[in-house]
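Computed from a predicted model, the values in this text were never measured in an experiment.
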Amino acid sequence: PPSPPPSAPPPPAPRSSDGNAAAEESVPDEAVPPLTCSSLSARVELRGANVGASEPKEWCNSGSRRAADETFCARHYLTLSSTPESSSIAPCLPTGRACRLRKDLAISCPKRSA
């Protein structure tokens, strides 16, 4: 009997405008330690929920170092909302060539008593 035709080769990897292979679309979540309430002291808050109108707001994708350095990006977080009892916190995580806020990974942390 005749053999089946050979399968088509896989498509070439996407290329960026400079001709290099495009970066991965996102870094797996397990590549970066998860955000936990106990890990906040080792991370940097970019802008709090209580930032005043006169204070500059900084986002995950502000600053070229966070875009270029995945580990540096993952050290940052934002407070999404805050009540007297708790705060909703979301991590910054690398995605391709950008550092992005991951609201889908937000956690709620109790406020510490003074």
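Nearest heavy-atom pair across E70 and P94 is CG-CB, 3.5 Å. Listed here is the closest heavy atom pair of S82 and K111: OG-NZ, 2.8 Å.
The main-chain N or O of I89 is never found under 3.5 Å from a side-chain atom of S87 such that the two would form a donor-acceptor pair. A donor-acceptor pair is defined here as one N or O able to donate and one able to accept, closer than 3.5 Å; no such pair exists between the side chain of R43 and the backbone of T36.
Under the 4.5 Å side-chain heavy-atom criterion for ILVMFWY residues, no single connected hydrophobic cluster contains both I107 and L80.
C92 has its SG atom within less than 2.5 Å of the SG atom of C60.
With rounding to the nearest 0.5 angstrom, the CZ atom of R65 is 11.5 Å from the SG atom of C99.
Under the 4.5 Å side-chain criterion, counting only non-hydrogen atoms from C-beta, L93 is not in contact with L35. Annotation: side chain of R100 is in contact with side chain of N61 (closest heavy-atom distance under 4.5 Å).
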Does the pair L40 and C109 meet the rule for a side-chain contact (heavy atoms from CB on, under 4.5 Å), with working shown?
CA-CA 10 Å; L40 291 179; C109 294; 4.1 Å; yes
